[in-house]
Amino acid sequence: MNLYSVKQLLYQEGQSQSVHIKGWVRTKRGNKFVNFLALNDGSCIKNIQIVADTDKFSEELMNRINTGACIAVQGSLVSSQGKGQSVEIHAKDIVILGEADAEAYPLQKKKHTLEFLREIAHLRPRTNTFGAVLRIRHTLAFAIHEYFNNKGFFYLHTPLITGSDAEGAGQMFRVTTLDPKNPPLTPEGNVDYSKDFFGKATNLTVSGQLEGELGAMGLGLVYTFGPTFRAENSNTSRHLAEFWMIEPEMAFYDINDNMDLAEDFIKYLVSQALLKCSDDLQFLSETYDPELINRLKNVVETSFARVSYTEAVEILLQSQPYRKGKFEYPVSWGTDLQSEHERYLVEKHFQKPVIVNNYPKDIKAFYMRQNEDGKTVAAMDVLFPQIGEIIGGSQREERYDKLLTRIKEMNIPEHELWWYLETRQYGTCPHAGFGLGFERLVLFVTGMGNIRDVIPFPRTPQNADF
RNA sequence: UCCUCCUUAGCUCAGCCGGUUAGAGCACCUGACUGUUAAUCAGGGGGUCCUUGGUUCAAGUCCAAGAGGAGGAGCCA
């Protein structure tokens with residue numbers, strides 16, 4: 001197929017050649033003698049200008065080509081006589097592949113609010129903003145695989161359907177094939193899940209971590225990258241019911257190795273976006289956030305601050321907002337840091353990404369490794385400006401007795417985790433890992449304000465359209 | 001789930017202290033214009049003022065409930 005993309009035509013050498021291109025019309029301008037079509041095919045943020053002389057094309061044809069129409073153009077690539085572009089296509093033949101009724105087509109050649117575009121998510125990939133965001137999203141996803149592959153990690157596919165509700169990361173979506181109107185019942189009158197498809201109650205996964213650990217204790221270095229589901233009734237600009245998560249898990253890493261990897265990993269991803277998506281970032285910067293590119297460069301160039309939870313609490317207790325009573329929530333050792341506290345540490349005190357580590361054990365998950373002080377665990381959270389927690393991770397408890405004691409203390413159903421406990425009985429090893437929320441990364445890199453605008457078709461409470 | 005705010009033309013919004021025929025910009029249609037850059041200029045069409053109920057001589061405007069949306073909080077990635 002002798003078809004060019006807009007990107008190829010704009011960035012290649014040589015002109016006056018015959019070219020064939022297909023795409024969607026963004027705007028049409030013109031007069032009695034000539035029409036200009038701005039054509040975009042998604043290959044890059046830029047359009048290519050199609051010049052159509054009115055004596056070559058019928059008025060009837062030109063009237064059917066409006067904003068949104070899909071067309072195929074045969075013509076020659078020439079230097080532009082106009083100012084806004086270096087090259088353009090002088091059209092010899094135009095075929096309409098799909099019309100778009102100008103009166104009814106919702107996307108206009110003007111700015112739309114992001115809220116409106118969410119209501120027409122089936123059409124928003126055709127906008128500059130979503131083209132840019134989705135190309136950046138792709139670049140980041142690709143860079144994740146590249147990074148881990150170069151470091152000798154193996155991509156491990158963990159299950160999406162889980163029979164365990166002990167993953168401990170939130171409310172789950174039930175998976176069942178039972179008839180909701182007339183389910184089989186146990187003698188006690190409860191739903192009898194032994195009659196269900198898997199012979200037990202099953203849910204969509206909230207984390208692949210526990211299975212990731214099983215993989216790491218055999219393959220050494222693994223990572224997962226897949227969809228994750230949380231049935232929390234969270235209505236915020238930072239939460240989705242279906243999102244993508246990256247969870248590396250490394251045998252023989254301790255908490256410090258874990259923090260080093262997390263920092264290096266994020267810096268690599270951001271630098272890849274800067275390198276490969278400069279046009280898209282430039283557009284987002286001009287349109288939404290002039291500080292975007294500086295903020296990204298800053299993350300790549302400066303080393304992240306690292307403080308223990310205990311130090312973080314001391315910083316907060318000595319802070320201006322604390323002393324003046326500006327914090328809504330109290331600060332004291334043993335309670336979790338609130339959004340306002342995290343934001344103070346990142347945006348005011350350190351003014352760069354911060355890794356907080358060694359949290360009190362009572363506010364963290366059962367699988368985190370207990371420190372020698374008996375009070376804290378080897379946990380770490382990476383906090384970013386504007387979006388808050390982007391990574392949560394820890395060194396895992398590899399000592400069987402300590403792990404089992406913790407499971408009992410926290411009333412976690414031990415029998416559901418027999419396989420997890422067995423890895424600590426046979427050839428256990430120190431290991432660590434973390435989880436990165438992919439959409440939160442895309443949110444940071446694109447500078448978008450709402451997580452629903454960095455995934456093509458967002459799933460949130462009360463919304464599963466498209 | 002909690003708190004606050006919003007809902008008027010296809011889109012973005014104005015609409016005063018409740019008052020007579022509800023406005024603007026953009027989009028769309030028609031016309032003008034020899035190369036435009038979200039083209040420009042002139043004219044035209046376009047309304048379930050979110051829904052239901054209430055107060056009032058009179059409701060887009062006031063009150064109540066509901067629906068939808070946004071921001072913040074909680075939970076977390």
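Chain naming here is simple, since letters A, B, ... match the order of the sequence lines and numbering starts at 1 in each.
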A:Phe36 stacking on B:G35: centroids under 5.5 Å, ring planes under 30°? no
Candidate nucleotides B:G68, B:U1, B:U36, ranked by approach to the side chain of A:Gln462 - the nearest: B:G68
Tell me whether A:Arg406 is salt-bridged to A:Glu409, with the criterion being a basic N under 4.0 Å from an acidic carboxylate O. yes
Check: A:Gln85 side chain, B:U36 base, donor-acceptor under 3.5 Å: yes
Could you measure between the two P atoms, the one in B:G23 and the one in B:C49, and give it in whole Å? 15 Å
Rounded to whole Å, the CD-P distance (A:Glu232 to B:A73) equals 17 Å
May I ask you to decide whether A:Lys375 forms a salt bridge with A:Asp362, counting only side-chain N to carboxylate O separations under 4.0 Å? no
Using atom CZ of A:Arg452 as one end and atom P of B:A77 as the other, report the distance to the nearest whole Å. 19 Å
Any side-chain N or O of A:Lys83 under 4.0 Å from OP1/OP2 of B:U37? no
Rounded C1' spacing from B:U56 to B:C62 in Å: 10 Å
Nearest to the side chain of A:Ile451, which nucleotide is it out of B:C75, B:U37, B:A77? B:A77
Need to verify one output field. Residue with the more 5' nearest nucleotide on RNA chain B, A:Asn66 or A:His112? A:His112
Pair A:Phe265 and A:Tyr147, ring centroids less than 6.0 Å apart: yes
At under 4.0 Å, does any side-chain N or O of A:Lys28 touch on OP1 or OP2 of B:A39? no
Indicate, with a heavy-atom threshold strictly under 4.0 Å, whether A:Leu240 touches base, sugar-phosphate, or nothing. base
Residue A:Asn31, side-chain atoms from C-beta onward, closest of B:G74, B:G72, B:G35: B:G35
A:Asp41 bridged to A:Lys7 by N-O distance under 4.0 Å: no
Pairwise C1' distance for B:A14 and B:G60, with rounding to whole Å: 12 Å
Please confirm whether A:Tyr223 and A:His145 have ring centers closer than 6.0 angstrom. yes
Counting just side-chain N and O atoms, does A:Asn233 come under 4.0 Å of either OP1 or OP2 of B:G74? no
Pick the C1' atom in B:C57 and in B:U52, then give their distance to the nearest Å. 23 Å
Sidechain N-carboxylate O distance under 4.0 Å for A:Arg396, A:Glu249: yes
Distance between the P atoms of B:A70 and B:C11, in whole angstroms? 16 Å
Atom P, compared across B:G46 and B:G71: separation rounded to whole Å: 36 Å
Kindly point out which of B:U34, B:G35, B:C28 is positioned nearest to the side chain of A:Glu103? B:C28
Counting only distance, no hydrogens or angles, is the base of B:C76 paired donor-acceptor with the side chain of A:Ser234 under 3.5 Å? no
Look at all strands and tell whether A:Asn235 reaches a base, only sugar-phosphate, or nothing, counting heavy atoms closer than 4.0 Å. base
With rounding to whole Å, what would you report as the distance between B:U34 and B:C26 at their C1' atoms? 27 Å
Side-chain N or O of A:Thr27 less than 4.0 angstrom from OP1 or OP2 on B:A38? no
Ranking B:A70, B:G35, B:A77 by distance to the side chain of A:Phe243, first place goes to B:A77
Distance check needed: B:A73 P versus A:Gln338 CD, whole Å only. 10 Å
A:Thr236, nearest nucleotide to its side chain (from B:A38, B:C11, B:A73): B:A73
Pairs counted only when both distances fall under 3.5 Å, Watson-Crick or G-U: show me the 5' to 3' dot-bracket for RNA chain B, [ ] for pseudoknotted crossings and | for other-strand partners. (((((((..((((.....[...)))).(((((.......))))).....(((((..]....))))))))))))....
Distance check, C1' atoms only: B:C29 and B:G68, in whole angstrom units. 32 Å
For a quick check of understanding: with a heavy-atom distance under 4.0 Å over all strands, which category does A:Tyr329 fall into, base, sugar-phosphate or nothing? sugar-phosphate
Does the side chain of A:Arg452 pick up a donor-acceptor pair with the side chain of A:Asn463 at under 3.5 Å? no
Without decimals, in angstroms, what is the distance between A:Glu340 CD and B:C76 C1'? 17 Å
Would you mind classifying the nucleic acid contact of A:Arg238 as base, sugar-phosphate or nothing, using non-hydrogen atoms under 4.0 angstrom? base
Can the ring centres of A:Phe327 and A:His341 be said to be less than 6.0 Å apart? yes
With nearest nucleotide decided by heavy atoms, which residue, A:Ser80 or A:Glu59, maps closer to the 5′ end of RNA chain B? A:Glu59
Ignoring backbone atoms, establish whether A:Arg26 has a side-chain N or O less than 4.0 Å from OP1 or OP2 of B:U37. no
Regarding the side chain of A:Val34, the nearest nucleotide among B:G35, B:G74, B:A70 is B:G35
Side chain of A:Arg29 only, heavy atoms from C-beta on: which candidate in B:C33, B:A77, B:U37 is closest? B:U37
Length of the line joining A:Glu242:CD and B:A77:P, which is rounded to integer Å: 17 Å
Check: A:Gln108 side chain, B:G10 base, donor-acceptor under 3.5 Å: yes
Taking A:Lys267 first and then A:Asp264, would you say they form a salt bridge - that is, a charged N and a carboxylate O separated by under 4.0 Å? no
Starting at CD of A:Glu328 and ending at P of B:C2, how long is that distance when rounded to a whole Å? 16 Å
Salt-bridge contact A:Lys364-A:Asp381 (side-chain N to carboxylate O under 4.0 Å): yes
So, does A:Arg118 get its side chain near the phosphate of B:G68, meaning an N or O under 4.0 Å from OP1 or OP2? no
Take the protein atom CD of A:Glu119 and the nucleotide atom C1' of B:C50, then report the distance between them rounded to whole Å. 12 Å
Base, sugar-phosphate alone, or nothing: which one does A:Glu389 contact when heavy atoms must sit under 4.0 Å apart? sugar-phosphate
Answer whether the closest heavy-atom distance between the side chains of A:Val25 and A:Leu39 falls below 4.5 Å. yes
Between C1' on B:G69 and CG on A:Asn450, what's the gap in Å once rounded to a whole number? 11 Å
Kindly say whether, by distance alone, the side chain of A:Glu88 makes a donor-acceptor pair under 3.5 Å with the base of B:G35? yes
